[in-house]
Amino acid sequence: MTPHTVEWSPSVGIVMVLCNLFVFAIGRKVIQNPGKGPDIPAMTAVLGPKFGAPELLAVTSLGHVLGAGMILGLSNAGVL
C-alpha cells in the first residue's frame, strides 16, 4: 500500500516558493564564509558579489527540504 501524497496545485507551488524565500533570507545572514566558490555572473548584480553558486545550491537545497516537509505536513493536516 502506498501512502497518500498530495497532487501538485498552485498552493503547493506557493508553499515551496515561500519556504525557499524564507531559507534564502536566513542564508544571506548566517552563511559564515560567503563568496568562496564561483560566482553566478547573471546573478551578481541582483545578489551581490558574495553570493555564488555554492551558497545558492545550499540555500535552495535546504529550502526544498523544508518545503517538502511543509507540504507533507500541511497535506496530512488537511490544509492542502
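The structure presented is a predicted model; accordingly, all values stated were derived computationally and were not measured. Hydrogens, waters and symmetry mates are skipped; everything else that's a heavy atom, side chains included, is used.
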**Prompt:** Which pair of heavy atoms, one from Ser11 and one from Leu80, lies closest together, and at what distance?
**Reply:** OG-CD2, 3.5 Å
**Prompt:** Counting heavy atoms not belonging to Met16, are there more than 12 under 6.0 Å from its CE?
**Reply:** yes
**Request:** Taking all heavy atoms of Gly63 and all of Cys19, pick out the closest pair and write down the distance.
**Result:** O-CB, 3.9 Å
**Message:** Applying a strict under-4.5 Å side-chain criterion to I, L, V, M, F, W and Y, I'd like to know whether Trp8 and Ile14 cluster together.
**Reply:** no
**Asked** Asn76 side chain to Leu72 main-chain N or O, any donor-acceptor pair under 3.5 Å?
**Response** no
**Item:** Distance (rounded to the nearest 0.5 Å) between Ser61 OG and Asn20 CG
**Value:** 9.0 Å
**Prompt:** Do Leu18 and Val15 belong together in a cluster built from hydrophobic side chains that touch within less than 4.5 Å?
**Reply:** no
**Prompt:** Hey, does Val59 have a side-chain heavy atom less than 4.5 Å from the side chain of Ile31?
**Reply:** yes
**Request:** Give, for atom CG of Leu66 and atom CD1 of Ile71, the distance between the pair rounded to the nearest 0.5 Å.
**Result:** 9.5 Å
**Request:** Treating Ile, Leu, Val, Met, Phe, Trp and Tyr as nodes and any side-chain heavy-atom pair under 4.5 angstrom as an edge, say whether Met70 and Val79 lie in one connected cluster.
**Result:** yes
**Fill in**
Rounding to 0.5 Å, atoms CZ (Phe24) and OG1 (Thr60) come to a distance of 9.5 Å
